[in-house]
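Residues take their numbers from the sequence shown, with the count starting at 1. Heavy atoms only: backbone and side chains are in, while hydrogens, waters and symmetry mates are out.
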Amino acid sequence: MMLSRAKPAVGRDLLYTGKRKKKGRKMPKLEELLSQRDFTGAITLLEFKRHVGEQEEDTNLWIGYCAFHLGDYKRALEEYENATKEENCNPEVWVNLACTYFFLGMYKQSEAAGLKAPKSRLQNRLLFHLAHKFNDEKKLMNFHQNLQDITEDQLSLASIHYMRSHYQEAIDIYKRILLDNREYLALNVYVALCYYKLDYYDVSQEVLAVYLQQIPDSTIALNLKACNHFRLYNGKAAEAELKSLMDNASSFEFAKELIRHNLVVFRGGEGALQVLPPLVDVIPEAKLNLVIYYLRQDDVQEAYNLIKDLEPTTPQDYILKGVVNAALGQEMGSRDHMKIAQQFFQLVGGSASECDTIAGRQCMASCFFLLKQFDDVLIYLNSFKGYFFNDDIFNFNYAQAKAATGNTAEGEEVFLLIQSEKLKNDYIYLSWLARC
């Protein structure tokens, strides 16, 4: 992505010149290490040659390239920044530096460096993503128009679709590319991610299996498999899938944080206050899961304090802000908070990307629940009740809706399915059950 691996900047044999031969194992060449994606080995070789005074042309760019692909963006940043200070520096360094800034979340610096780079397809893709980060629709469309029907540009477009929750559009692009390039195995992971977001967890597993057969130790793929197990089964099944990663996360620094974060989720919030706060600015879901933790602890005010300034950009953001406002509205008797919650639920449930998902239907059910239109509530709850047969919260709402529409016999049956002692001691539960 940063520099062409097909045409490395090194022009001669990296290790031996002349006809000198040495018995035993030969040291590998840079090209071989890069083709094997052995970036740790490549950095070791480059640093050794730098140390013994045999530095090649663009060594710093290659070290930056390898560090970038290892996820060591700070090291890559150091190499690229040093390269920009050199006389007659390679102009390619600016787009590489911009990409490194981007992955570090330093978007303003990324844009400044990217604009110094010579025009290229990579520069356009980078600026395209930055326009999305800055929510600049005009720039986004300008860079969108510059995209060509080539694999890299189409992958970039698919990723923007994914980040905007246009999962089906992203799947269409990935599948089209896969038809002509079966060897692009990683695209199966991207397709699986999209199906996961669409709540098709079983389909996601099937697609993911194609990739894991070839790359069984992939951090991202195994983590997604664990998340699918969490949705399909339970936290214990998900945690079992993560065990193989726990001992092998050393090569990817981000994987340690990702695993720690997901273990909190799989364990129902255990250790949330120790693990999640430091990760709020590292993993986007950490803040949302911390809000969920506070809600489960009935600390609605703390949940609201954490999310009130969050500008929602994804359906999950809108849903959680809706839930928090609904909980706070009920606790305080605030019509304003209840109205905000109802609007958020309606926005998600009525959107083209979410209207056919379970989450979207839950939102519409919640919207009508707040409006006390219980016949409409039941239309939506009935459409996915098979997925939540043993879910106490679902049954609590379903039973109330049944009873509110006069179907008290079925309402009583559903109320009696609830196992949670906390809910069974709730005044609303007791009063509705008595009424049924």
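Going from atom NZ of Lys256 over to atom CD1 of Ile259 covers 9.5 Å, rounded to the nearest 0.5 Å. Here the straight-line distance linking atom CZ of Arg260 with atom CG of Leu242 works out to 13.5 Å at 0.5 Å rounding. Atoms CG and CG, from Asn124 and Asn142 in turn, are 9.5 Å apart once rounded to the nearest 0.5 Å.
Salt bridge present: Glu47 and Arg75 bring a charged side-chain N and a carboxylate O closer than 4.0 Å. Ion pairing between Asp202 and Arg231 fails under the 4.0 Å rule for side-chain N and carboxylate O.
Annotation: Phe394 is in aromatic contact with Phe388 [ring centroid separation under 6.0 Å]. Between Phe369 and Phe374, the ring center distance clears the sub-6.0 Å criterion. Checked against the 6.0 Å centroid criterion, the rings of Tyr201 and His229 do not qualify as a close aromatic pair.
Between the side chains of Tyr101 and Glu81, a donor-acceptor pair is found at a separation under 3.5 Å. Gln148 and Asp153 share no donor-acceptor pair across their side chains, judged by distance under 3.5 Å alone. Defined by atom type and a distance below 3.5 Å, a donor-acceptor pair is missing between the side-chain atoms of Asn82 and Asn60. Using a 3.5 Å distance cut-off with no hydrogens or angles, the side chains of Asn228 and Ser204 do pair a donor with an acceptor.
No more than 12 heavy-atom neighbours from other residues, nucleotides or ligands sit within 6.0 angstrom of NZ on Lys139. Within a 6.0 Å radius of OH in Tyr380, other residues, nucleotides and ligands contribute 12 heavy atoms or fewer. Heavy atoms of other residues, nucleotides or ligands lying less than 6.0 angstrom from OH of Tyr387 number 12 at most.
Taking the six-membered ring where the residue is Trp, Phe415 and Trp432 present parallel rings, their angle staying beneath 30° rather than reaching 60°. Between Tyr73 and Phe68, the angle of the ring planes goes over 60°, which puts this pair in the perpendicular group of the 30/60° scheme. Classified by interplanar angle (parallel below 30°, tilted 30° to 60°, perpendicular above 60°), the ring pair Tyr65/His69 is tilted.
Counting all heavy atoms, side chain and backbone alike, Ala272 lies closest to Leu290 at O-CD1, 4.3 Å. Heavy atoms only, all atoms of each residue included: Leu320 and Leu288 are closest at CD2-O, 3.3 Å.
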>> If you apply the rule side chain to side chain contact (heavy atoms under 4.5 Å, CB included), what do you find for Phe39 with Arg37, and how did you get there?
In response: CA-CA 6 Å; Phe39 300 116; Arg37 299 186 66 77; 3.8 Å; yes

> What do the steps show when you test His337 against Tyr304 for ring pair (Phe, Tyr, Trp, His ring centres under 6.0 Å), and what is the final call?
Replying inline: CA-CA 11 Å; His337 284 296; Tyr304 179 73; 5.3 Å; yes

>> Between Asp298 and Lys422, is the salt bridge (Lys or Arg N to Asp or Glu O under 4.0 Å) condition met? List the steps.
In response: CA-CA 11 Å; Asp298 292 327; Lys422 180 181 173 184; 2.8 Å; yes

>> Test salt bridge (Lys or Arg N to Asp or Glu O under 4.0 Å) on Glu239 and Arg267; report intermediate values, then the result.
In response: CA-CA 8 Å; Glu239 192 173 338; Arg267 292 169 180 172; 2.7 Å; yes

> Can you list the steps and then say if Glu354 with Ser351 is a side chain to side chain donor-acceptor pair (under 3.5 Å)?
Replying inline: CA-CA 5 Å; Glu354 295 297 313; Ser351 69; 5.5 Å; no

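Checked by atom type and distance alone, the side chain of Asp376 never pairs as donor or acceptor with a backbone atom of Ala365 at under 3.5 Å.
Taking the side chain to side chain contact (heavy atoms under 4.5 Å, CB included) definition, one finds that Arg176 meets it with Gln154, Ile173, sequence neighbours left out. Legend: residues meeting ring-ring contact (aromatic ring centres under 6.0 Å, His included) with Phe345, ordered by chain and number and at least two apart, are absent.
Because its NZ or CZ atom is not both nearer than 6.0 Å to the ring centre of Tyr211 and within 45° of the ring axis, Lys225 does not count as a cation-pi partner of that residue.
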Pairs under 3.5 angstrom only: tabulate donor-acceptor contacts from the side chains of residues 160-167 to other protein residues two or more places apart or in another chain.
residue, atom, partner, partner atom, Å
Arg164, NH2, Glu137, OE2, 2.4
His166, NE2, Arg164, O, 3.4

